[in-house]
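Accompanying notes for the structure given below.
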Amino acid sequence: MPKLDISVQDEQKAFEADVAAIEKQWSSARQSHLKRPYTPQTIAALRTSIPAPSNASSIQAVKLWNQLHAHNKAGTCELTFGTTDPVAVSQMAKHQQTVYVSGALCGFSEVALPGMDHADYPWDTVPKVVSKIFKSQLWHDQRQRQYRLRNPIEEREKLENWDYLAPIVADGDMGFGSLTSTMKMAREFVDAGVAMIHIDDLAIGMKKFTIGQGRTIVPTQEYLDRLTAVRMQFDVMGAETLLLCRCDTDHSEFITSVVDERDHEYVQGATKKVEPLQKCLQAAQAEGKDLKAARNEWKAKAGIATFDQAVEAVASADELKTYKAELSKQKFTSLSTRREIAAKTVKQDVFFDWELPRSAMGQYMFDSNVKAIVERALAAAPLGDVTWARMDSPNWNDIVEFHAEVRKVYPDRLFAFGYTGDFNFAKAGFSDEQVKSLHLDLAKLGVVWQVQPIWSLQGLNMVTEEFAKMWSEQGIAGYLKSVQGPALAKEPMTDGFEKLSYCGGYLADAFFETVAGEPIVEKGKAGNFSRH
Ligand SMILES: C[C@](O)(C(=O)O)[C@H](CC(=O)O)C(=O)O
């Protein structure tokens, strides 16, 4: 194998040039808010000898960054929705600035075996869908551009000119396991042309919402490590790709480990000496009892609470005041320090055991609140560009508190929001008027990117079912009346399969003509088609 023909001096020079370029990129207006736990030298040494192909993703990321900032300045927002279908994406270009590729949707429509949103599909599933969609966007852009350019300049004003290259935001879930899988996924996303990906703090293999129990998160540091792995991968590629720090701590009921002191305040334990939850559940199972009921019974018997709640339950008002005053002198207080403070300030013993409630999979019980979400979001913010506190149900007070608290520390922070699942606004106390202006009210809090992630589950299913019924009842007459006719009559015309629009017949013709050596862009000569 031939050796690389480069002197040590030239190798060093190239390395130093790389370091200088990285320093420049990191101090640019686009990136100066990011804080990395590593140096430009480390990243330069991790790079390949020829630059990684991150150009399309970088262009789309910068475009998205500018769009989001323009919204922030104007107090407006981008409203997009999720799809995995290039055909749908081509129509979104007429009304949306961005496209969302949802993991939940991919898990239904892009896998061999569909299933509930448990992020149990292969790690490259969503990047592959992004690649498919981005290529379709490029193709639409190409056919439109070619069509325009085959028309003389004075005709072009009248022709359609859509921005088909809407930046793609995609679901990176929790990174699918180890840091190297997270890096590989991030790389595939960049290669695919994504503009922004989101990474969350959910535990892999424990994403389930179907058994009446809440979600499981990982310790704060594990979440930050995931985000750092993605950031590092982007940096190794020299990519501008945006990182959306999604936090799923809202309504989480479990945490995988108590290794990080920052999480201790929210971990729950038994405040009564009882048998471990697992023993109780095993006995209930052997007796054929309802496990959910047995769990709830055990929780009540065990007096499940956080350590601070346990202190509150046994301390006098004065003791509690002193305990809290001591506690407030430190930022993140571990359980053992809390115990020490309690021993000094509260007369009565505080019984608290967070091992007793552990699940069969080893999870600890977690009591989420807005403060916990804010702390995670603040810790994550320097590694990413946008923040999203994913909520199970819309709680306006929590929403306002979360965004205001984060903006106290990062006044320019941009936020995302998902109108997740079946939000029940009426139940959450929203009036019709409040729902009407919700997207704009959120925009005022800095929530510049808003998504209905699973539109195609509800919306496309509904439209398809309605069409299926009509078609089976009315045949081609119904089709002409309710689909083909209106689609062709619409301005702008809804794309179909005719030569003028979706199928891009003129682009195919242009290729044939080019191969045949015929001029296709003749000055002063319009194309064959009068309408696009
Ligand atoms: C955004 C999301 O991650 C998705 O996969 O689309 C889901 C959507 C949903 O549950 O409605 C999520 O918010 O977890």
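We use all heavy atoms of the structure for the numbers below, so side chains are in, but hydrogens, waters and symmetry mates are not. Order of appearance sets the numbers: ligands from 1, and atoms from 1 within every ligand. When a residue number appears, it is its place in the shown sequence, counting from 1.
- Atom CG of D432 is surrounded by 12 or fewer heavy atoms from other residues, nucleotides or ligands within 6.0 Å.
- Under the 3.5 Å distance criterion, the side-chain polar atoms of R407 are matched with a main-chain donor or acceptor of R413.
- A side-chain N or O of Q363 and one of T216 form a donor-acceptor pair less than 3.5 Å apart.
- No more than 12 heavy atoms of other residues, nucleotides or ligands sit less than 6.0 Å from atom NZ of K128.
- In terms of polar-atom proximity, H198 is not counted as a contact of ligand 1, lacking any N or O under 3.5 Å from an N or O of the ligand.
- Proximity to P453 (heavy-atom distance under 4.0 Å) selects the following atoms of ligand 1: 1 (C), 6 (O), 8 (C).
- Side chain of S181 to main chain of F176: a donor-acceptor pair is present (N/O by atom type, distance under 3.5 Å, no hydrogens or angles).
- On a distance-only criterion, S102 and ligand 1 share at least one N/O pair closer than 3.5 Å.
- In terms of polar-atom proximity, W388 is not counted as a contact of ligand 1, lacking any N or O under 3.5 Å from an N or O of the ligand.
- Looking at Y419 and Q450, their side chains do bring a donor and an acceptor atom within 3.5 Å of each other.
- Looking at R246 against ligand 1, only its side chain comes within 4.0 Å, counting heavy atoms.
- With a 4.0 Å heavy-atom cut-off, ligand 1 is reached by no atom of L105.
- Contacts of D171 with ligand 1, taken as heavy-atom pairs under 4.0 Å, involve the side chain alone.
- Of all the atoms in ligand 1, the ones that sit under 4.0 Å from a non-hydrogen atom of A104 are 4 (C), 5 (O), 6 (O).
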